[in-house]
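Indexing begins at 1, ligand by ligand and atom by atom, following the structure's order.
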Amino acid sequence: MTTETAPAPSPVDAPTSRPRIFSGIQPSGAPHIGNDLGAIRNYVRLQWDYEAIYCIVDYHALTSLHDADRLRLQTREMAAALLALGLDPERCTLFVQSHRPEHTELAWLLMTVTPVSWLERTPTYKEKKQNQPEDVNHGLLSYPVLQAADIIIYKASLVPVGKDQAAHLELSREIVRSFNNRYGETFPEPLAVHTEAPIVLGTDGVRKMSKSIGNAIDIFAPEEDVRRQIMSMVTDTRRILRTDPGRPDVCNVCQLHRSFGDDYEEIWEGERTARTGCVDTKKLLAERVLRHYAEPRERYRELMADPKRIERILDAGAERVRPIAQATMAEVREKMGLR
Ligand code: AQP
């Protein structure tokens with residue numbers, strides 16, 4: 001879904017007939033290239049053609065992060081990162097989840113149409129239980145219900161997300177069906193929209209790139225850290241000697257080259273014929289990644305130096321979506337017998 005030829009969009013506050021999309025991102029650390037290639041790229045593209053609502057989901061982050069100052073800082077960092085990567089507050093709405101408390105009210109109501117068994121079978125719940133066994137809090141279990149509330153409170157029909165979110169999205173659709181069956185047609189079933197890189201693997205080359213696993217390539221870290229992360233990447237494990245031919249289809253470094261230049265086939269050929277070694281290919285990737293993100297990294301620094309500007313953008317975003325969230329809650333309360 002590219003938008004290079006998209007017509008000039010109307011200002012965000014003007015009435016619009018553009019279909020509505022929604023996506024949320026956790027402020028659980030600065031975004032990595034998996035977040036960008038799997039989701040944020042689409043946020044930026046789609047803001048031209050859709051009424052786009054993007055949310056920094058701090059309630060969700062509380063399921064793993066329990067340090068107030070850190071959460072506040074990371075929320076600001078995530079806002080700066082999204083703006084630096086191309087979200088334009090004139091074309092889309094960006095706000096913080098906890099600034100619209102209607103989300104949690106709707107989540108509670110949706111819990112009453114969601115069997116616990118649906119939540120217990122969610123793959124991310126099972127993973128998180130393993131990753132943080134000392135902190136299996138209730139929020140981890142009910143996370144997908146709040147996620148469903150985030151999306152459907154705006155009656156969004158499309159959700160740009162990475163493929164790792166497919167099970168959650170499917171659960172949102174089930175929750176919508178369950179609600180609509182019990183209380184009458186109220187919410188559309190949201191559909192996921194993926195990029196051409198829907199799952200980016202981490203530096204270990206095995207698991208999806210993830211902030212909490214420690215296998216990420218950061219976008220906004222100091223240059224030397226980004227280089228170090230890329231140079232630590234696992235390549236084709238069967239390529240032992242420099243003269244062994246490589247297998248680009250199983251090498252994560254080669255796969256990432258697809259997203260950072262249009263000559264990846266040439267690079268792959270170099271690997272296949274052992275003309276180039278893994279170290280050369282990683283060095284080239286590091287240069288390209290840093291070049292690709294040079295402007296966003298500069299914008300990020302400027303934005304982080306101006307917290308008031310970020311605050312204004314986020315406050316305006318929360319105000320802009322207020323009427324939509326409140327109208328949905330009035331409808332839902334009425335249908336459920338609460339008014
Ligand atoms: N590796 C990935 N490949 C493709 N897309 C990805 N996304 C995340 N990792 C990848 C997509 O980025 C969006 C925002 O992610 P999030 O922070 O809300 O959720 P997450 O999946 O929890 O991200 P992390 O890095 O894995 O965070 P932790 O480790 O804190 O749980 C989503 O659309 C997601 O699909």
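Partners of E105 under the salt bridge (charged side-chain N to carboxylate O under 4.0 Å, His left out) rule, at least two apart in sequence or in another chain, are R333. Considering only residues two or more places apart in sequence or on other chains, E265 meets the salt bridge (charged side-chain N to carboxylate O under 4.0 Å, His left out) condition with none of them. Take F179 and apply the ring pair (Phe, Tyr, Trp, His ring centres under 6.0 Å) test, not counting sequence neighbours, and it matches Y183, F187.
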May I have the step-by-step check of side-chain hydrogen bond (donor to acceptor under 3.5 Å, both in side chains) for H194 and N42, ending in yes or no? CA-CA 8 Å; H194 299 305; N42 257 356; over 6 Å; no
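At a heavy-atom cutoff of 4.0 Å, ligand 1 is surrounded by I25, Q26, S28, H32, G34, N35, G38, A39, K128, V161, G162, D164, Q165, P198, I199, V200, K208, M209, S210, K211, S212.
Closest heavy-atom contact between Y154 and H103: OH-NE2, 2.8 Å.
Judged by distance alone, with hydrogens and angles left aside, the side-chain atoms of N252 form a donor-acceptor pair with the main-chain N or O of G202 at under 3.5 Å.
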